[in-house]
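Okay, structure first, notes after.
All residue numbers refer to positions in the sequence shown, counting from 1. Order of listing sets the numbers, starting from 1, for every ligand and every atom in it.
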Amino acid sequence: MADAKRKTKRETKRPASSGPSRLERIAILTGGGDCPGLNAVIRGVVRAAILEHQWEVLGIQDGFDGLLKIDANRRLYSHDVRGIQARGGTILGTSNRGNPLHYPVLEEGMTVFKDVTDEIVRNIEKMGIDCLVAVGGDGTMKITQALFEKGVKVVGVPKTIDNDLEATDVTFGFNSAVNTATDALDKLHTTAESHHRILALEVMGRDCGWIALEAGIAGGADVILLPEIPFDLGRICEHIEKRKRTGSRFSIVVVAEGASPASGEKIYEKQPGMDGAPGRLGGIGKWVADKISLCTNLETRVAVLGHLQRGGMPTTFDRILATRFGVEAVNLIAAGKFGHMVCLKGRRIESVPITAAIHGIKRVDPRGQLVRTAEALGIELGRAK
Ligand code: F6P
């Protein structure tokens, strides 16, 4: 923190001005759930900021928490990011709890929720940060936009394995997660075929079915269930029985964690100590497997891929995308394009106002090209009539 405290407190201009300006120190944080490629962004930002502009770069620890508890933050040098593009996770740490717009604070023995963004703005001034690069999903972008509206110069970088962020064709992390899920499906195939079983794989994605759909197509699934297409269990069982009649005694079912039957609701995991809270999505894979077993009388097993999808090495695609995003974030800062988020449009890296990325989520089009590709292959999506 010695580096961060070296500057004197300056007055923040409100709102943050656009247009090129003289900068000395930028900061970077990673917020929300981690995903493969975060380290490649950090490396891109640090290298481009130092080599092209001679700016100082401050690494903020554990997402926005590091702007509330500022002592753990540290200056990042070029050697700190050497070779990290191949590593999963984030060297800065992250958090998907403790949203500063709704932050848990203990008052008179009670937990109350408060907006602590004013404190963050004061800390950013104290640390002499000229611009903050926030790498994250929709939650992180909402907080980043709130800081921008309070006068902080910010630039956003979109990440998430879920690929559900508006305004970018793809988020980094998604390709690595799809690869992991496809690899799992390849493995499940051999055991399902040997035992003549039905194997269900539950994958992540929150309320979007991008991972399930892409991995399902790549991994040769027989059934894919998406949050965007409420399913009819009867159709799924019919499809599996028909496969059996025609000589395929096994089936592979990919279930997105946010999928639900047309006649029912999404399934959430119960979280210890959080009575009444909705909890995390999880459990639909087992629910579907049990129902299939009951209606077809076939032996069924379920695998839940979970956080394996978020860990490990990023794919080459994700390393390149994340690196390009990091370098472009620095270009945006140099051009004074604050309040913008980098994005991929076709094959080009561009930028959009952060507001364009947070007004909704990008869902699979239930009648779109990718869904029709799956249907053309004979994959059953359980589409309820
Ligand atoms: O948003 C990424 C994601 O991995 C989702 O796909 C999943 O629902 C959620 O985060 C899990 O969050 P946690 O890490 O808190 O279990």
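By heavy-atom distance, the residue among D138, N96, D162 lying nearest atom 6 (O) of ligand 1 is D162. With R280, H307, R310 as candidates, the residue nearest to atom 9 (C) of ligand 1 on a non-hydrogen basis is R310.
No more than 12 heavy atoms of other residues, nucleotides or ligands sit less than 6.0 Å from atom CD of Q369.
No hydrogens or angles considered: nothing links the side chains of N179 and T315 as a donor-acceptor pair under 3.5 Å.
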Next on the checklist: Apply salt bridge (Lys or Arg N to Asp or Glu O under 4.0 Å) to residues D118 and K150 and explain how you reach the verdict.
Outcome noted: CA-CA 8 Å; D118 283 340; K150 292 196 169 191; 2.8 Å; yes
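Close approach of ligand 1 to G205 (heavy-atom distance below 4.0 Å) involves ligand atoms 6 (O). The distance from ligand 1 to the heavy atoms of I161 drops below 4.0 Å at these ligand atoms: 4 (O).
With F172 as the aromatic partner, R319 does not meet the cation-pi criteria of under 6.0 angstrom to the ring centre and within 45 degrees of the ring axis.
A side chain to side chain donor-acceptor pair (under 3.5 Å) with K187 holds for exactly one of D183, T191, T190; it is D183.
Looking at T160 next to ligand 1, no N or O pair under 3.5 Å apart turns up.
Side chains of I333 and K153 form no contact here, defined as non-hydrogen atoms less than 4.5 Å apart.
Counting protein heavy atoms only, atom 7 (C) of ligand 1 is closest to E257 OE2, 3.4 Å.
Heavy-atom separations between R97 and ligand 1 include at least one value shorter than 4.0 Å.
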